[in-house]
Amino acid sequence: MSEVTMDAKITLEQLNVHFGTNHAVKDVTMTMATNSVSAIIGPSGCGKSTVLRSINRMHDLTPSARVSGAILLDGENIYCKECDPVTMRRRVGMVFQKPNPFPAMSIYDNVVAGYKLNGRARRSEMDGIVEQSLQRVSLWDEVKDRLHVNAMQLSGGQQQRLCIARTIAVCPEVILMDEPCSALDPISTLKVEELIDELKEKYTIVIVTHNMQQAARVSDTTAFFYLGELIEMGDTKKIFTNPEKKQTEDYITGRFG
Amino acid sequence: MMTAILRRKMTNGLMMLAMLAATVTVLVPLGLIFFYILKMGFSSINLDLFTQIPKPPGEVGGGMANGIIGSGLLIGVASLIGLPLGIFGAVYLSEYGTSRISTMIRFSADVLSGVPSIITGMVVYGLVVVPMKGFSALAGSLALALIMIPIVLRTTEEQLKMVPMTLREASLALGVPLWRTTLKVTLKSALKGIVTGVLLAVARVAGETAPLLFTALGNMFWSHKLNEPIAALPLQIFNFAISPYDDWHRLAWGGALVLVTLMFSLSLLARWFGRAR
Ligand SMILES: Nc1ncnc2c1ncn2[C@@H]1O[C@H](COP(=O)(O)OP(=O)(O)OP(=O)(O)O)[C@@H](O)[C@H]1O
Ligand SMILES: [Mg+2]
């Protein structure tokens, strides 16, 4: 058990995830501090997405998935029997690896989808939320003249920024990002990174990335995973300059199988 | 070199011919059915067909209005019962079902859709007509609904399965409950495909005769009561066609043309719906 520090927003305690007989995440214990950016790195298939998706109970939809252990959000276990995943997910938003705007909706409707789908869209408030959210992901200038065209007409990078806008529009406390920039060009990537930097004033961010430089640039702490295990977690500077474990060093210096 | 190309071209030509022959073999019977019915039935199409009930044998004139209305009522009630059950069942299977129960439901639906429709009619006779002590429109509708349910269930499930998981996840991650996600994202995305499936199921039961023989029975007069025997277009066609009276034969051809046109339009509508994506 790790000791829960004062400002721990999210704490994983001996988290295990199985898919059928595949033990994908093994006994992971880690803490993410309030208003910090935590990066999760590691080779493909090591369980990064699986860990991230446990934090807002996305595995509930996968019949073969079995999650055990605890994840504390502000000290409360989101996996307890009485816990309502819906209320929790309103506090923990997620941006997916592949942009997934709602294909039947306009750009405008996509941004406020969290309100519309929940049947609590107040017309007078929506315009402001749309403009503000799109401004924050620097998409406003690109789309302000065609807010009501179908969202699928946007490029992949624009769609991803739209998905980020949709997530921040509902004001969560935590934002989980699963390789949010893998479909973006370097300029959009930079914009998203700037956004992350800005967002951390108010939000707690957990980001999965394959891009070492990105992890080094945006995160405060970095966790390195290998084969479902948390090998090392610590201050990003320290992980990238002076890691404790040999495996971590091999991975970040690119000396990995 | 030249011969190789020549041989390839000839093989190609032969295969094209074979496929053309296959296409024609499929199209010709369809064309024959349609044109023959058109030829025989066209002269019987008049206002009376749609407004009058049949005249007693020997008398000239009359129509099949009660059969047309009866069919509409039977199909309407069958849809009211069958569509919600089929669609809700499909939602359960694709969105909520645990694997064991789902497999059982899916298997039952497949078996049910393979049951000959006359057997469905006999079962409804035993379970509804006998206890209610009489043939009835309700029994007919139930028989039709039993035929609709597995078709609607499986086509709807297929359509729901085609909605990408990432859309459901996008909605859930915004804090939208599963039931709202199902209603507003999943079902909405699959709507066109579902409507197509529903139209095809309606077209399928619109022409069913056998399951109505022991249930709705048929009726020479107007009826709109659910607890009494009711006329239906396919039944009337059947009864008039095997009768010895020329005027009734004429009516049967007219009715057949109406029925075929109705089913043709439903199929076209279904196609149009399925395409307009
Ligand atoms: N829905 C699922 N069903 C079955 N197994 C799964 C599922 N999702 C993930 N897994 C398994 O869990 C393990 C970890 O996968 P995960 O997607 O978390 O890797 P990752 O670190 O995110 O990889 P990548 O960098 O390629 O995205 C893999 O062995 C994978 O096969
Ligand atoms: Mg991943």
Side-chain angles (χ1 to χ4, degrees), chain A residues 20 49 52-53 55-64 84-105 109-121 151-152 159-160 162-178, chain B residues 87-107 156-198 272-277:
Chain A
S49 298
L52 197 72
R53 291 161 60 85
I55 304 177
N56 69 345
R57 290 183 60 169
M58 272 295 134
H59 297 304
D60 287 13
L61 279 196
T62 315
S64 68
D84 174 27
V86 175
T87 344
M88 179 273 292
R89 288 191 195 116
R90 288 188 185 150
R91 299 169 58 196
V92 185
M94 183 157 199
V95 177
F96 296 83
Q97 183 164 354
K98 271 211 236 138
N100 56 353
F102 296 106
M105 292 187 193
D109 285 349
N110 258 286
V111 178
V112 288
Y115 297 88
K116 293 224 159 167
L117 292 175
N118 268 319
R120 42 167 92 171
M152 301 313 276
Q159 287 183 16
Q160 187 63 305
L162 179 66
C163 291
I164 300 177
R166 168 178 82 185
T167 303
I168 58 180
V170 290
C171 307
E173 298 161 27
V174 177
I175 302 179
L176 310 173
M177 297 180 157
D178 195 348
Chain B
I87 291 172
F88 282 130
V91 168
Y92 175 79
L93 281 188
S94 119
E95 310 299 310
Y96 295 87
T98 57
S99 48
R100 179 88 53 82
I101 299 173
S102 311
T103 316
M104 255 166 57
I105 297 178
R106 240 172 250 132
F107 180 71
T156 306
E157 193 199 352
E158 289 303 311
Q159 295 300 324
L160 291 174
K161 283 261 156 75
M162 276 164 50
V163 177
M165 209 58 197
T166 53
L167 278 191
R168 298 180 179 85
E169 289 179 349
S171 173
L172 289 175
L174 287 169
V176 180
L178 186 56
W179 69 270
R180 265 183 184 278
T181 300
T182 302
L183 200 69
K184 296 200 159 185
V185 177
T186 319
L187 275 172
K188 208 170 162 189
S189 307
L191 189 65
K192 276 176 183 155
I194 294 174
V195 172
T196 304
V198 164
W272 176 80
F273 232 98
R275 251 199 216 162
R277 262 164 208 279

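Chain A is the first sequence line, chain B the second, and so forth, proteins listed ahead of strands; every chain is numbered from 1.
Heavy atoms of other residues, nucleotides or ligands lying less than 6.0 angstrom from OH of Y96(B) number more than 12. The neighbour count for K184(B) NZ, taken as heavy atoms of other residues, nucleotides or ligands under 6.0 Å away, is above 12.
Looking at A104(A), neither its backbone nor its side chain comes within 4.5 Å of chain B, counting heavy atoms on both sides. Using a 4.5 Å cut-off between heavy atoms, K98(A) does not touch chain B at all. Both the backbone and the side chain of R166(A) come within contact range of chain B, each with at least one heavy atom under 4.5 Å from a heavy atom of that chain. Proximity to chain B is limited to the side chain of F96(A), based on heavy atoms less than 4.5 angstrom apart. For P85(A), no part lies near chain B; criterion is any non-hydrogen pair under 4.5 Å. Only the side chain of N56(A) comes within less than 4.5 Å of a heavy atom of chain B; its backbone N, CA, C and O stay farther away. Within the 4.5 angstrom heavy-atom criterion, no atom of V95(A) approaches chain B.
Distance check, rounded to the nearest 0.5 Å: NZ of K116(A) to OG of S171(B) gives 14.5 Å.
No side-chain heavy atom of S189(B) sits under 4.5 Å from any side-chain heavy atom of F102(A).
Interface summary for chain B: among M94(A), R90(A), M105(A), the most heavy-atom pairs under 4.5 angstrom belong to R90(A).
Put simply, the side chain of N100(A) never gets that close to the backbone of L167(B): no donor and acceptor are under 3.5 Å apart.
The two residues P177(B) and N118(A) come nearest to each other via the heavy atoms CD-OD1, 3.2 Å. Minimum heavy-atom separation, L172(B) to M58(A): CB-CE, 3.8 Å. Across every non-hydrogen atom of M165(B) and L61(A), the tightest pair is CE-CD1, 3.4 Å.
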